[in-house]
Every structure is written in C-alpha cells, then in structure tokens.
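Below: one structure, written as structure tokens.
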Amino acid sequence: MQNSDKLKNDKNNIDLIVNYLTVQMICGACGTRIRYGDYECPHCGRDLEDEMVNWACGLLNLLYMC
C-alpha cells in the first residue's frame, strides 16, 4: 500500500471511530444511558464491562468491514 492510500485509509478509520463515539451505551439492567468514562451504572450501580465490550466489538466490526 502506498503512503497516500494508507493516509486515506487512516483518515477513513479515524472518521469511523469519531462517528462511532456517538453510539450510546445503555445499562442492560435499568436502561440508563451511560456516559464515556462510567465503569458502573450511575443509576443502579451495575458493572458495565459487558456493555463496554459489546460497544468495542461493534466498533471493531465496523472497522473490519471497511
């Protein structure tokens, strides 16, 4: 891959990542919307690791499709 192609691909991936940051995480127990940086639900206290992993998997799937 030439440098210009790599830069275009990197720019595309960066755009995808920035846009994916708008995808909301929701607590699976109570439905509360989760903000970036929360490790447990501010409403019910549930650990959010599963939701974070699912969110990250969605981002990886999006990147692999491109």
Side-chain angles (χ1 to χ4, degrees):
M1 183 182 302
Q2 294 179 332
N3 276 346
S4 62
D5 290 337
K6 183 178 178 346
L7 288 174
K8 286 179 189 175
N9 192 41
D10 286 347
K11 169 95 171 85
N12 184 44
N13 285 342
I14 288 169
D15 289 344
L16 287 171
I17 292 167
V18 169
N19 288 331
Y20 197 79
L21 289 172
T22 64
V23 172
Q24 294 181 1
M25 276 195 301
I26 303 208
C27 177
C30 70
T32 299
R33 189 173 52 149
I34 305 305
R35 290 182 286 179
Y36 180 80
D38 286 341
Y39 291 95
E40 59 184 39
C41 178
H43 182 256
C44 71
R46 179 177 183 223
D47 180 69
L48 298 173
E49 183 176 358
D50 291 340
E51 282 80 3
M52 286 188 248
V53 168
N54 289 335
W55 183 91
C57 286
L59 176 57
L60 286 176
N61 288 334
L62 183 65
L63 290 171
Y64 289 142
M65 287 189 313
C66 295

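Below, each value reflects all heavy atoms present in this structure, side chains not excepted, and no hydrogens, waters or symmetry copies.
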- Message: Is there a side-chain contact (heavy atoms from CB on, under 4.5 Å) between Ile17 and Leu63? Walk through the geometry before answering.
- Response: CA-CA 8 Å; Ile17 292 167; Leu63 290 171; 4.3 Å; yes
Ignoring hydrogens and angles, write down the donor-acceptor pairs under 3.5 Å from the side chains of residues 20-37, residues two or more places apart or on other chains.
{"from": "Tyr20", "atom 1": "OH", "to": "Trp55", "atom 2": "O", "distance (Å)": "3.3"}
{"from": "Thr22", "atom 1": "OG1", "to": "Asn19", "atom 2": "O", "distance (Å)": "2.7"}

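The salt bridge (Lys or Arg N to Asp or Glu O under 4.0 Å) test applied to Arg46 returns Glu51, not counting sequence neighbours.
The salt bridge (Lys or Arg N to Asp or Glu O under 4.0 Å) contacts involving residues 21-31 comprise nothing, where partners must be two or more places apart or lie in separate chains. A salt bridge (Lys or Arg N to Asp or Glu O under 4.0 Å) check over residues 14-30, counting only residues at least two apart or in different chains, returns the pairs Lys11-Asp15.
Hydrophobic side-chain contacts under 4.5 Å tie Val18 into a cluster, directly or through other members, with Ile14.
Annotation: the span from Asp38 atom CG to Met52 atom CE amounts to 8.0 Å, rounded to 0.5 Å.
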